[in-house]
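This report refers to the structure that appears directly beneath it.
Please read these numbers as outputs of a predicted model, since none were measured by experiment.
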Protein chains: 2
Amino acid sequence: MSAPISHDMRDGLREHRRKLTRPRQAILDIIASADHHLTPAAIHKRARKKYPHLGLVTVYRTLDLLTELGYVQRVHFDDGCHSYIAAPHGHAHHLVCSTCGKAQEFSDCDLDALIATLQRKTGFEISVHMLELMGRCPACAASQKALTRQARSQ
Amino acid sequence: MSAPISHDMRDGLREHRRKLTRPRQAILDIIASADHHLTPAAIHKRARKKYPHLGLVTVYRTLDLLTELGYVQRVHFDDGCHSYIAAPHGHAHHLVCSTCGKAQEFSDCDLDALIATLQRKTGFEISVHMLELMGRCPACAASQKALTRQARSQ
DNA sequence: TTCCAACTGAAAATGTTTTTCATTTAGAAA
DNA sequence: TTTCTAAATGAAAAACATTTTCAGTTGGAA
Ligand SMILES: [Mn+2]
Ligand SMILES: [Mn+2]
Ligand SMILES: [Zn+2]
Ligand SMILES: [Zn+2]
């Protein structure tokens, strides 16, 4: 349940000769212990409880850094905004609940066959893919059903 | 090669009881005849040549409308910005060249099996997916190779 | 301890997208 | 044709996420 990811991240920072500062610790801790994706603003808000001085700019800069180092993954939304979530090791994507924001990662995106076929057919050299799946998490689906049932019985 | 799509779009507007205005015609024509994805700003710039009065706000509104009606598809970029491209009928995605912007659509995204498996494993009800593939188009790949060869021979 | 590249926050700038609102217009109805 | 009205428009301002700038601070190597 708890996440030992933050230790990895701390080590990673050292390896890359980046400093481990109080602001970064606060941001790190929040991302590592969240099971939901969080926007930069949300992270800022939460982190300020531990480190009130923290600026939003530093949140953005830290998120960029952690994304680059591979410790955090961006989640892309249709409106163009981004959220962030602790990244699993290696390549993965997320299932995101559009109702409550819960995110669940999965690593078997299985796009290799598709990509290979497309490369052959089109001559494109495909180097990046972006895959986001959205829907309703089990909990939200259940409460939705309960509501519908209730409405129908009235 | 040429696109009869614009006729579809005109008919579609009528069917949905939306007006076919000069600004919309200008925007429609540009999207229907482009083989590259275009940003709202780029569409605005081009459309002004035909209809100088056109405001950028109208471009945004028209793109929203056409996307909603299914005649145009958004292309999502990592930085959060969007481009637009004439949509094929039915569900499809695009291969986008990160060098020149050329877009090629493909319809066999083949995510059904993946989605079914994930739904079963996780209990999520997956209703939306976003898939963008990016890389280099054949032309850009070729000119890149030519450059590399040239550099090496110096 | 010293030292400096890395890091920071405040403020301002940027760039995209949305809202507001007074005016105009497409196209249906008379 | 003319009338009428919901739909559409553009200018301006606002909203919003994100980036840049810059002067000061700090982690941690030496
Ligand atoms: Mn997007
Ligand atoms: Mn994105
Ligand atoms: Zn949920
Ligand atoms: Zn290209």
Report yes if a side-chain nitrogen or oxygen of A/His16 is closer than 4.0 Å to either non-bridging phosphate oxygen (OP1 or OP2) of C/dA6; otherwise report no. no

Can a side-chain donor-acceptor contact be found between B/Gln73 and B/His94 if the only test is distance below 3.5 angstrom? yes

Could you check B/Leu65 against B/Arg48 and say which one's nearest nucleotide on DNA chain D is further toward the 5' end? B/Leu65

Duplex segments of DNA chain D, taken as runs of at least three Watson-Crick or G-U pairs that stay under 3.5 Å: C:1-30 with D:1-30

Expressed in angstrom and rounded to an integer, what is the separation of B/Asp64 atom CG from D/dA7 atom P? 17 Å

Generate the contact string for nucleotides 23-30 of chain D. Rules: B means base contact, S means sugar-phosphate contact only, - means no protein heavy atom under 4.0 Å. ---BBS--

How many angstroms lie between CD1 in B/Ile43 and CG in B/Leu54, if you round to the nearest 0.5 Å? 10.5 Å

Mind running a 4.0 Å heavy-atom check of residues 55-63 of chain B against DNA chain D and sending the residues that fall below it, in number order? B/Gly55, B/Val57, B/Thr58, B/Arg61

Quick one: does B/Val72's side chain get under 4.5 Å of B/Ile85's, heavy atoms only? no

Would you kindly give the CZ-to-P distance between A/Arg74 and D/dT18, to the nearest whole Å? 7 Å

How long is the line joining OH of A/Tyr84 and C1' of D/dT18, in whole Å? 9 Å

Indicate whether OP1 or OP2 belonging to C/dC7 is found under 4.0 Å from a side-chain N or O atom of A/Arg24. yes

Rounded to the Å, how far apart are A/Leu38 CG and D/dA17 C1'? 16 Å

Ring centroid separation A/His76 to B/His76 under 6.0 Å: no

A/Arg46 atom CZ, over 12 foreign heavy atoms within 6.0 Å: no

Run the side chain to side chain contact (heavy atoms under 4.5 Å, CB included) test on A/Phe106 and A/Leu133 for me, step by step, so that the C-alpha distance in whole Å, both residues' side-chain angles and the decisive distance to 0.1 Å come before the verdict. CA-CA 10 Å; A/Phe106 66 96; A/Leu133 301 180; 3.7 Å; yes

Pairing of B/Lys50 and B/Asp29 as salt bridge, 4.0 angstrom limit: no

Looking only at atom types and distance, does a side-chain atom of B/Arg24 sit under 3.5 Å from a main-chain N or O of B/Lys19, one as donor and one as acceptor? yes

Whole Å only: how far is the CG atom of A/Leu28 from the P atom of C/dC7? 13 Å

Do A/Met130 and B/Leu131 have side chains that get closer than 4.5 Å, going by heavy atoms? no

Between D/dA17 (C1') and A/Lys45 (NZ): distance, integer Å: 16 Å

In the structure I gave you, are the side-chain heavy atoms of A/His129 and A/Ile115 within less than 4.5 Å of one another anywhere? yes

Distance, rounded to the nearest Å, where B/Leu54 contributes CG and C/dT25 contributes P: 14 Å

Protein-nucleotide distance (B/Leu13, atom CG; D/dA7, atom P), rounded to Å: 14 Å

On the 0 to 90° scale, with breaks at 30° and 60°, tag the A/Phe77-A/His37 ring pair as parallel, tilted or perpendicular. tilted

